[in-house]
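Only heavy atoms go into these numbers, but all of them, side chains included; no hydrogens, no water, no symmetry mates. Positions are given from 1 along the sequence.
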Amino acid sequence: MALFGSKNDIGTFKGISRELVENIISQECGYYKIMLQDTDKNVYGEGLEKYYIGPVLLNCLIERGDFSFASGDFGTDVSRPVTFRFLKDHLSDANVVPEVGDVVMYNELYYLVDNVNQNQLILGKDSDYAYSEGLENFGSSYSIILTCHYASPDALGINQNRL
């Protein structure tokens with residue numbers, strides 16, 4: 001039987017984290033969810049014209065990488081890795097389930113989601129996967145981390161209208 005990591009302990013951790021992310025750090029991004037059922041595919045399984053839901057405004061922690069430029073036969077390619085860290089509660093409140101292929105907008109730049117990690121657990125336990133009797137009330141999945149790369153709006157099929 002576990003002594004620490006009960007629902008009260010988890011509530012305290014999540015309350016402090018929510019206060020920190022929402023009111024002190026206050027970084028926000030727009031989240032675009034791809035609509036697979038409305039996106040037509042060609043013979044290769046590629047969607048040339050994609051449809052998105054959003055943007056949904058979410059609080060997060062952002063780790064920005066540096067821009068890098070590579071010259072190729074078709075011009076200069078721009079790349080920039082970015083990591084977005086979301087509290088799982090923020091995503092569930094907004095009814096957003098992150099998946100590879102979704103788009104995150106930050107500072108009017110678009111980032112395509114490459115990887116979704118959900119491996120930060122409070123005290124190393126996840127109450128959804130309690131194998132022993134009595135551990136279903138201890139531990140919790142805490143955050144979702146998205147690894148993304150820069151993508152141009154033209155490549156994503158997102159039109160930016162200006163007044």
Side-chain angles (χ1 to χ4, degrees), residues 9-41 45-70 72 75-129 139-163:
D9 296 337
I10 292 167
T12 301
F13 293 148
K14 288 184 177 182
I16 291 170
S17 298
R18 188 177 277 266
E19 177 80 18
L20 182 69
V21 170
E22 290 176 3
N23 299 330
I24 296 172
I25 296 173
S26 299
Q27 290 180 326
E28 295 178 324
C29 66
Y31 194 89
Y32 290 87
K33 185 74 177 156
I34 192 164
M35 296 173 46
L36 289 177
Q37 65 274 13
D38 293 337
T39 302
D40 295 327
K41 294 180 222 127
E46 300 168 336
L48 300 178
E49 188 176 345
K50 299 174 183 153
Y51 295 96
Y52 297 94
I53 300 171
V56 176
L57 192 61
L58 295 170
N59 290 302
C60 62
L61 299 175
I62 303 168
E63 182 182 337
R64 295 169 293 280
D66 294 330
F67 280 106
S68 63
F69 303 93
T76 304
D77 289 333
V78 178
S79 66
R80 181 185 198 186
V82 176
T83 303
F84 295 94
R85 291 169 165 70
F86 298 97
L87 290 175
K88 194 171 178 185
D89 289 346
H90 284 156
L91 293 173
S92 60
D93 291 347
N95 199 22
V96 172
V97 178
E99 294 177 317
V100 173
D102 292 345
V103 175
V104 181
M105 182 184 72
Y106 175 69
N107 281 356
E108 296 184 17
L109 297 174
Y110 295 92
Y111 299 94
L112 192 62
V113 176
D114 294 326
N115 195 9
V116 178
N117 285 320
Q118 186 177 341
N119 59 5
Q120 284 190 321
L121 305 175
I122 295 177
L123 297 175
K125 302 175 197 115
D126 190 354
S127 59
D128 294 335
Y129 299 99
S140 177
S141 179
Y142 193 60
S143 70
I144 294 180
I145 301 170
L146 305 181
T147 307
C148 306
H149 71 277
Y150 170 76
S152 70
D154 296 333
L156 296 172
I158 295 175
N159 296 327
Q160 291 182 322
N161 296 327
R162 299 190 185 258
L163 297 174

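Looking only at side-chain heavy atoms (C-beta outward), Leu109 and Phe67 come within less than 4.5 Å of each other. Side-chain atoms of Cys148 and Tyr150, non-hydrogen and from C-beta on, never get closer than 4.5 Å to each other. Side-chain contact check for Pro55 versus Tyr32: some heavy-atom pair is nearer than 4.5 Å.
Rounding to the nearest 0.5 angstrom, the gap separating the NE2 atom in His149 from the OH atom in Tyr110 is 15.0 Å. Atom NZ of Lys88 and atom CD1 of Ile145 lie 12.5 Å apart (nearest 0.5 Å). For the atom pair CZ of Phe84 and CD of Glu63, the computed distance is 11.0 Å after rounding to the nearest 0.5 Å. Note: Arg18 CZ to Leu87 CG = 7.0 Å, rounded to the nearest 0.5 Å. Distance check, rounded to the nearest 0.5 Å: CG of Leu61 to CG of Leu20 gives 7.0 Å. Summarising the geometry, atom CD1 belonging to Ile144 is positioned 13.0 Å from atom CZ belonging to Arg85; distances are rounded to the nearest 0.5 Å.
In this structure, Lys33 and Pro98 approach most closely via the heavy-atom pair NZ-C, 4.3 Å. Between Val104 and Cys29, the shortest heavy-atom contact is CG1-SG, 3.7 Å. Between Tyr106 and Glu28, the closest heavy-atom pair is CD1-O, 3.5 Å. Listed here is the closest heavy atom pair of Val82 and Arg64: CG2-CA, 4.4 Å. Smallest separation of non-hydrogen atoms from Leu58 and His90: CD2-O, 4.1 Å. Heavy atoms only, all atoms of each residue included: Val116 and Val100 are closest at CG2-N, 4.1 Å.
Counting heavy-atom neighbours within 6.0 Å of Asn95 CG, excluding the residue itself, gives a total of 12 or less. Few gaps surround CG on Asn119; more than 12 heavy atoms of other groups in view lie less than 6.0 Å from it.
Classified by interplanar angle (parallel below 30°, tilted 30° to 60°, perpendicular above 60°), the ring pair Tyr31/Phe86 is perpendicular.
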